[in-house]
Amino acid sequence: MKAAVVVFPGSNCDRDLAVALRAAGAEVQMVWHKDSALPEGIDMVGIPGGFSYGDYLRCGAIAAQSPICGAVKAHAERGGYVLGICNGFQVLTETGLLPGALLRNAGLKYICKTVGLKVETSDSDFTAGYNAGDVIDIPIAHHDGNYFADADTLARLKGDDRVAFTYTDNPNGAQADIAGILSANRRVLGMMPHPERAADAGHGGTDGVALFRALAGALITA
């Protein structure tokens with residue numbers, strides 16, 4: 001699997017994501033936000049967590065207008081894989097690759113802790129390493145993780161089995177407890193929790209490893 005990890009000014013989880021992908025067997029290249037094209041032969045693009053452009057305006061709004069995001073959108077539109085984590089999820093909603101928006105946490109405070117996530121579907125190359133109904137422990141670290149979408153969008157996400165993860169104890173007010181969603185073709189995943197921070201036993205947990213291994217395995221055998 002050949003992966004690209006996009007780096008914005010303010011990204012702070014880019015290297016963590018690259019390490020987790022490499023541990024799963026991926027060949028990873030870091031891509032600067034001012035680049036206008038992805039490297040040749042890229043299978044998957046990772047949009048990492050952090051505070052792109054200092055989170056001025058709406059979180060992810062400036063990053064979504066950067067030159068590289070045009071290439072990321074084109075990659076997704078031709079069937080490429082994209083994983084957006086935390087700020088990366090915000091960027092994906094701002095680009096329109098995923099529906100909805102991430103609002104200020106209901107408690108108006110930054111939250112940094114490990115939470116329980118319920119795997120809602122195993123029917124994607126991101127979640128195939130889990131069973132639907134599994135509960136995993138994954139860290140969160142965000143101030144604007146409150147997922148919002150209108151009623152029709154929520155019904156469509158649920159009806160199409162595109163809710164990937166929900167919180168077992170909602171920390172931020174997200175509608176329908178949503179922690180992560182999939183695109184219509186199931187090749188774009190946005191999630192607020194950080195699986196790359198649960199990919200090494202030395203960091204306190206490995207429940208995120210299955211996500212990276214499942215994705216790498218799907219692309220290696222494709």
Side-chain angles (χ1 to χ4, degrees), residues 1-102 124-126 141-145 147 164 180-197 199 208 211-212 215-216 218-220 222:
M1 179 176 76
K2 293 185 177 180
V5 174
V6 177
V7 183
F8 298 101
S11 295
N12 63 14
C13 299
D14 45 321
R15 286 188 287 180
D16 305 65
L17 181 54
V19 167
L21 287 165
R22 288 185 180 120
E27 176 185 319
V28 182
Q29 297 184 59
M30 311 303 281
V31 178
W32 187 233
H33 68 114
K34 287 190 175 180
D35 292 347
S36 58
L38 294 168
E40 288 292 325
I42 290 297
D43 301 303
M44 175 267 182
V45 179
I47 312 294
F51 306 92
S52 58
Y53 295 91
D55 275 352
Y56 293 111
L57 299 181
R58 297 181 309 276
C59 297
I62 301 177
Q65 304 303 315
S66 64
I68 197 60
C69 277
V72 173
K73 289 181 69 175
H75 171 79
E77 288 165 357
R78 60 177 175 263
Y81 289 81
V82 182
L83 170 62
I85 299 171
C86 199
N87 187 227
F89 187 8
Q90 296 162 345
V91 172
L92 292 179
T93 61
E94 290 290 341
T95 61
L97 287 174
L98 290 174
L102 283 307
S124 80
D125 289 334
F126 298 97
H142 58 248
H143 195 270
D144 297 73
Y147 183 76
I181 61 171
L182 295 157
S183 61
N185 69 356
R186 314 186 80 76
R187 292 193 171 194
V188 179
L189 169 66
M191 59 186 297
M192 286 309 298
H194 287 267
E196 80 284 7
R197 296 186 183 180
L211 185 152
F212 298 106
L215 181 59
L219 289 171
I220 288 168

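Since the structure is predicted, the reported quantities are computational estimates derived from the model, not experimental observations.
- Heavy-atom neighbours of Arg58 CZ from other residues, nucleotides or ligands within 6.0 Å: at or below the threshold of 12.
- Atom CZ of Arg78 and atom CZ of Arg187 lie 12.0 Å apart (nearest 0.5 Å).
- Side-chain atoms of Cys13 and His194, non-hydrogen and from C-beta on, do get closer than 4.5 Å to each other.
- In this structure, NE2 in His75 is found 12.5 Å from SG in Cys69, a value given to the nearest 0.5 Å.
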N/O donor-acceptor pairs under 3.5 Å from side chains in residues 45-54, not counting sequence neighbours:
| from | atom 1 | to | atom 2 | distance (Å) |
| --- | --- | --- | --- | --- |
| Ser52 | OG | Asn87 | OD1 | 2.8 |
| Tyr53 | OH | His33 | ND1 | 2.6 |

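- Taking CD of Glu40 as the start and NZ of Lys2 as the end, the distance is 9.0 Å to the nearest 0.5 Å.
- Heavy atoms only, all atoms of each residue included: Ala216 and Met1 are closest at CA-SD, 3.8 Å.
- At least one side-chain heavy atom of Val28 sits less than 4.5 Å from a side-chain heavy atom of Val5.
- Screening Leu189, Ile85, Leu102, Val82 for a side chain to side chain contact (heavy atoms under 4.5 Å, CB included) involving Leu92 leaves a single residue, Val82.
- The two atoms that bring Gly60 and Asp55 nearest to each other are N-OD1, 4.4 Å, heavy atoms only.
- Taking the side chain as every heavy atom from C-beta outward, Trp32 and Ile68 never approach each other to under 4.5 Å.
- With contacts defined as side-chain heavy-atom distances shorter than 4.5 Å, the pair His142/Cys59 does not qualify.
- Summarising the geometry of Val7 relative to Met30, their closest heavy-atom pair is CG2-CE, 3.8 Å, with the distance given to 0.1 Å.
- Of all heavy-atom pairs spanning Leu182 and Ser124, the tightest one is CD1-CB, 3.8 Å.
- Residues Val91 and Ala63 approach most closely at CG2-CB, 3.9 Å, considering heavy atoms.
- Once rounded to the nearest 0.5 Å, the distance linking CD1 of Ile42 with CD of Gln29 reads 5.0 Å.
- The side chain to side chain donor-acceptor pair (under 3.5 Å) contacts involving residues 10-22 comprise nothing, where partners must be two or more places apart or lie in separate chains.
- Residues Asp43 and Tyr81 form no side-chain contact, since every pair of their non-hydrogen atoms from C-beta on lies 4.5 Å or further apart.
- One finds the CE atom of Met44 at 5.5 Å from the CG atom of Leu215 (value rounded to the nearest 0.5 Å).
- Counting only heavy atoms from C-beta outward, the side chains of Phe8 and Ile62 never approach each other to under 4.5 Å.
- When the side-chain hydrogen bond (donor to acceptor under 3.5 Å, both in side chains) test is applied to Asn185, the partners found at least two apart in sequence or on another chain are Ser183.
- Looking only at side-chain heavy atoms (C-beta outward), Leu17 and Phe212 come within less than 4.5 Å of each other.
- Among all heavy-atom pairs drawn from Ala4 and Val31, the shortest one is CB-CG2, 3.7 Å.
- Between Val6 and Asp35 there is no side-chain heavy-atom pair separated by less than 4.5 Å.
- To the nearest 0.5 Å, atom CG of residue Leu97 and atom NZ of residue Lys73 are 6.5 Å apart.
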